[in-house]
Structure formats: structure tokens, C-alpha cells
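Values reported hereafter were calculated over all heavy atoms of this structure, with side chains retained and with hydrogens, waters and symmetry mates removed. Given the structure is predicted, the values throughout are model-derived calculations rather than measurements. We number each residue from 1, following the sequence as shown.
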Amino acid sequence: MFETLDQTSRGDLGKRILTLIVSLILHVVAVIVVVIMPLVFFNVLPEQELLTFLIAPPPPPPPPP
């Protein structure tokens with residue numbers, strides 16, 4: 001299982017650094033898209049539909065006599 005462990009050499013250092021930089025850039029872009037963009041464009045949702053959820057439902061009918 002661990003026979004190929006010694007095959008990782010220091011010659012791949014440039015490739016590993018490039019992979020790390022690309023990964024960091026992609027993660028930063030993903031965080032910006034998922035977290036920050038909804039905060040910037042919060043007025044996109046229709047306001048009238050949001051207000052309908054805040055209205056209390058009518059009270060239940062009175063009990064029969």
C-alpha cells in the first residue's frame with residue numbers, strides 16, 4: 001500500500017506550488033460568489049412577495065355555541 005510513497009520527489013515542487021496557487025485563487029472566487037455576492041445584490045428579491053410572508057394569518061373561528 002505504501003510502496004509508492006517514496007516516489008514523491010522534490011522535483012515536483014514547482015508543480016505543487018502552482019497547484020496550491022490555483023487552488024487558493026479558485027477558493028477565494030468561490031467564497032466571493034457564494035458569500036459576498038448575495039450581500040451585494042440583496043434587492044434582487046421581489047419585495048411584495050417577501051411582505052406577504054410577514055402578515056399574520058386570520059384568527060381561528062369562534063367555537064360553536
Only pairs under 3.5 Å count here: list side-chain donor-acceptor contacts from residues 29-36, not counting sequence neighbours, and write none if there are none.
none

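To the nearest 0.5 Å, the span separating CG on L18 from CG on L13 amounts to 11.5 Å. Atom-to-atom distance recorded for L24:CG and T19:OG1 is 11.0 Å, nearest 0.5 angstrom.
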